[in-house]
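Following: one structure in structure tokens, then a few remarks.
Each chain gets a letter, A, B and so on, in the order the sequences are listed, and its residues count up from 1.
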Amino acid sequence: MFTSNSTRQNSLLVSLKIKLSKLLLQPTFLIGVILVIILSYLVIAPIVSIFSNSVSLTMMDAMLSGGKDGEFTYKYVDRVFTSSISEKIFWIPLKNSLTVSFFATLIALTLGLILASLVTSTNIFGRKYLGFLLIIPYMLPSQAMATAWLTMFKNRKISGPQGMLESFGITPPDWLAYGPLPISICMALSYFPFAFLLFSSALGKIDIQLEEVASTFGAKTKAIWLKIILPLLIPTTMSVLLLTVARTLGTFATPYILGTPAKYTLLSTSLYSSVRSNDSGVVAVIAIVLSLIGVMLLLVDIWVVRKWQRFVTVGGKGIKRQPSKLGIFRMPTTFFAWVIFLIAALGPFIVLALSTLMREPGNFSFSNFGLAYWTGVNVPGMDQPGIFTSPEVITALKNSFLIAGSASIICGILGLLIGYAVVRLPGTLISSFLRQISFLPYLMPGLAFAAAYLSLFAISRGPIPALYGSISLLILVMVVTYLPYASRSGISAMMQVGPEPEEAGMVLGAGFWRRIISILAPLQKSALIIAIILPFITGMKELSLVVMLVTPGTELLTTQSIRFLDFGYTQLANATILIIGVVVMISVLILNRVTKTNLASGLGG
Amino acid sequence: MSEIKLKELIKNFGGNSIAVDNLSEVFPDGEFVCLLGPSGCGKTTTLRMIAGLETPDSGEILHGDKIFFSSKTGELVKTENRNLGLMFQSYALWPHMTVYKNIIFGLDMQKKTSEEKEKRYLELEKLFHLENFRDRYPSELSGGQQQRVALARMLAIKPSLLLLDEPLSNLDSSLRLEMRSELKRLHQSIGCTIIFVTHDQMEAMTLATLIAVMNNGKIEQIDKPMEIYNNPKSLFVAKFVGSPQMNIINTDKDKELALCLSNKLNIQKNSVKNFGVRPESIKMVKNNEGDINAIIETIQPTGADWIIGLNIFNKSLFLISSDHPIAKENESVGVIFKSEGCHSFDSQDLRIHKN
Ligand SMILES: Nc1ncnc2c1ncn2[C@@H]1O[C@H](COP(=O)(O)OP(=O)(O)OP(=O)(O)O)[C@@H](O)[C@H]1O
Ligand SMILES: [Mg+2]
């Protein structure tokens, strides 16, 4: 009896010893555990805090209405859904958001599909260049389109310099200048490249043998498109649809710039005003609604993808479709594609640039041109220094680089680490937990996430200091928001390399760190560069995520441009946006040069 | 000395089948052992456990008197410290390092001086005909060259044990032949123990000094190649080794043929479940002059030999012969079974020994 007991104890000890030495020889496990702890706090805590905020009484309301600070209450849920102001803060914005999203998505989808078909499959003039040029709007911050629109169509309703059309003597009507129409159009023009990319890649993946088979049965090009290609694009169409809706719902800049003058509120702008008025309970409720919509769209997307699985064409040979001859339609379609490029990409650039170069809008005489708004010398009717001399712009530029730069470096490294832990610890709880949790932020729109961080880090909790008003908070929130993309690419990069190169090192006597430094890191160099530059690009144009977290001194270029607009300094705002555009374009060029990767594949997410 | 000893080794990946099932075996020092078996039988897993890339669920692995792993004492030696050479099916050359860097990596880990590294590199370069490739990257080499670099990289640290996982399966047939003789020469000149995984029985027969036939996570038989071929312990081993495959005659289904064989081999028919007849042990003679008559179904010339498909009472058999067939397709011939190549297996599929 006694012996059997002691052997059992002994064998327990032995198996523990094996487990321990396995752990020590495999620091992967340790890395995994550390990642789990960090991510749990950064991802789950904000979500918990926002749920708790939505049902607990704030200190302010506790003082006003009696009751205890933090007490359970339905007050905010009622306020959003049933109170007398619910119309104003929730129901009308919801209706507006849905309307705008519907039209914007419809236009973006149509444009994307038509242009992708033209560029990938026809002999339209300049198709080689269009493939790249049509993606440019995607690289511009979303307020570029909106401010360009405003610069063009603004009327006397709001202060600041005249709109361009107005200075020619044409007064654009309100419905053209502000509200749903311009918001829908601007969003559509900002987001159609996304549809264009996805459709192009889907068209490239369709096995052309499917089409060739049809043509041996005598099908003409038109019939092939109607009967084969378009039906095969249905799953892509559904994905594009849902993802574009999700994006438009989360967009802040466009409705803020073009909706505010007409008092046209969307959910995103309504959330923002609640933040500004410190109504954290309402903020939480609206943020939850936005997230729920996001989750719902994602679930539908997953369901659609699964349902249409049988449409997935396997094993395309990568042979390019012969471009079809367009005949008499060649000129009109070419014209159409280039006009879209002009309106969506070149147009905003020209308008923004012109507005910063002309002292008075609409006056095209030579003497009216100059660098006044850039250098700050002889600025008419403005008490502001120029872009090059403005302390705000310089601070914002520094902050933008600092924040987007550090966030993207952290994000890139974190993404690869997560990839490493997930791929090297297959079948463990850690692996699946890391995979799931790093994906969670994807479900929350940036605005909702920022709201959560705002409430989480407003005061210090335990060992974590109050970060509100600090640069680190902005970096942190950016890292976490971009994590889904970073970890996804990290996982796929690690999958591609496989365990063998490392195992070969192990056999030859290389320890863990040696393997990481001499084998893994060099192999993942280009993956790492991509994993850093992509979030950097997104971070440079990020607005909705940071707009409610910035404080004076931590402004970014994007938020600074909004401040300028708020004060009516349109030219300074435009110049700031141009700077962002240029930085982003240069980053994209570096990315292309360094990694020789296709921009399209990278931005597709 | 430095033999490899596996004791009651078990590895289960969590599926319903066990990858390596209570394996106990000794691979003696200096042998060229081939682990032979069908896909999924646990060859790679066994090799990876010896290398330390996979930890067994229980059991022991010993190299000489050094304990690599023991679930009894909880000992576990890291791969890095086992001083063995492992070659992967995919070679796993590091694409970001030149041939030189790849090969001396192991020496770097041992903190060798640059003279020592240079000296060893030159030796290996000569041994594997890698002159002129020093500064090339793996992607600039042909498959055969890559493989030689992988071999050189593994041998640079003079391991006392070489583990090779289907190293030849990515090569075309002529290169494979060349590399086979290269490996054989290598084994003779270095004299260390080699464990070589393959599912190609020809490769195993030609290379190995010992073949271990694996099935379902167990080693069914370990023996010299000809011993495996001539005296298979089980039906599985008999079927797996030899090409064309051994003819299997089930005593229930093919009664007439079974009766003929049991008479010929002078064995009690009821104790036998299957007879096995090697294709080269069947000889064709004139009609009615053999043990039994057969119809020729197919005649396939392979160049040196003929593979002939026979039909005896609706059972198809293959024979292989270097003589020109004495009759044409669909004609009837007599057949003689030579007893050296005829085996009988009991209901447990074990071979019944002749007295
Ligand atoms: N990492 C793993 N996770 C789960 N199951 C595994 C793993 N590696 C191997 N197996 C399973 O263990 C069994 C033995 O696999 P192993 O790779 O050793 O086979 P093998 O004999 O090398 O086959 P092959 O000739 O195809 O290479 C198989 O059933 C396989 O599916
Ligand atoms: Mg294998």
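- The line from CG of Leu508(A) to CG of Asn83(B) is 10.0 Å long, rounded to the nearest 0.5 Å.
- With a 6.0 Å radius and a threshold of 12 heavy atoms from other residues, nucleotides or ligands, Phe29(A) has its CZ atom at or below the threshold.
- Scanning both residues, His96(B) and Ile519(A), for their nearest heavy atoms gives CE1-O, 3.6 Å.
- Heavy-atom distances place the side chain of Arg48(B), and not its backbone, under 4.5 Å from chain A.
- Considering only heavy-atom pairs separated by less than 4.5 Å from chain A, the leading option among Arg153(B), Gln110(B), Arg82(B), Glu75(B) is Arg153(B).
- When heavy atoms are compared at a cutoff of 4.5 Å, Met97(B) approaches chain A solely by way of its side chain, counted from C-beta outward.
- Counting heavy-atom neighbours within 6.0 Å of Asp200(B) CG, excluding the residue itself, gives a total above 12.
- Contacts of Phe13(B) with chain A are absent, with no heavy-atom separation under 4.5 Å from either backbone or side chain.
- Using a 4.5 Å cut-off between heavy atoms, Lys72(B) contacts chain A through its backbone alone, with no side-chain atom that close.
- Contacts between Ser58(B) and chain A at a heavy-atom distance below 4.5 Å are absent for every atom of the residue.
- Atom CE of Met506(A) is separated from atom CG of Leu86(B) by 11.0 Å, given to the nearest 0.5 angstrom.
- Residue Lys117(B) places its NZ atom among more than 12 non-hydrogen atoms of other residues, nucleotides or ligands, all under 6.0 Å distant.
- Shown here is Lys158(B), whose NZ atom has no more than 12 heavy atoms of other residues, nucleotides or ligands within 6.0 Å.
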Worksheet item: Given Glu80(B) and Arg514(A), is the side-chain contact (heavy atoms from CB on, under 4.5 Å) satisfied, shown in steps?
Response: CA-CA 11 Å; Glu80(B) 290 97 297; Arg514(A) 186 85 232 174; over 6 Å; no
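- Nearest heavy-atom pair, Ala92(B) versus Ala504(A), reported as atom, atom and distance to 0.1 Å: O-CB, 4.0 Å.
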Practice prompt. Kindly indicate, with the supporting measurements, whether the criterion side-chain contact (heavy atoms from CB on, under 4.5 Å) is fulfilled by Trp94(B) and Ser518(A).
Written response: CA-CA 10 Å; Trp94(B) 298 302; Ser518(A) 305; over 6 Å; no
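- Ranked by non-hydrogen atom pairs under 4.5 Å with chain A, the options Ala51(B), Pro159(B), Ser90(B) are led by Ser90(B).
- Only the side chain of Thr55(B) comes within less than 4.5 Å of a heavy atom of chain A; its backbone N, CA, C and O stay farther away.
- Closest approach of Val507(A) and Leu84(B) over heavy atoms only: CG1-O, 3.1 Å.
- In terms of heavy atoms, Leu523(A) sits closest to Pro95(B) at CD2-CG, 3.2 Å.
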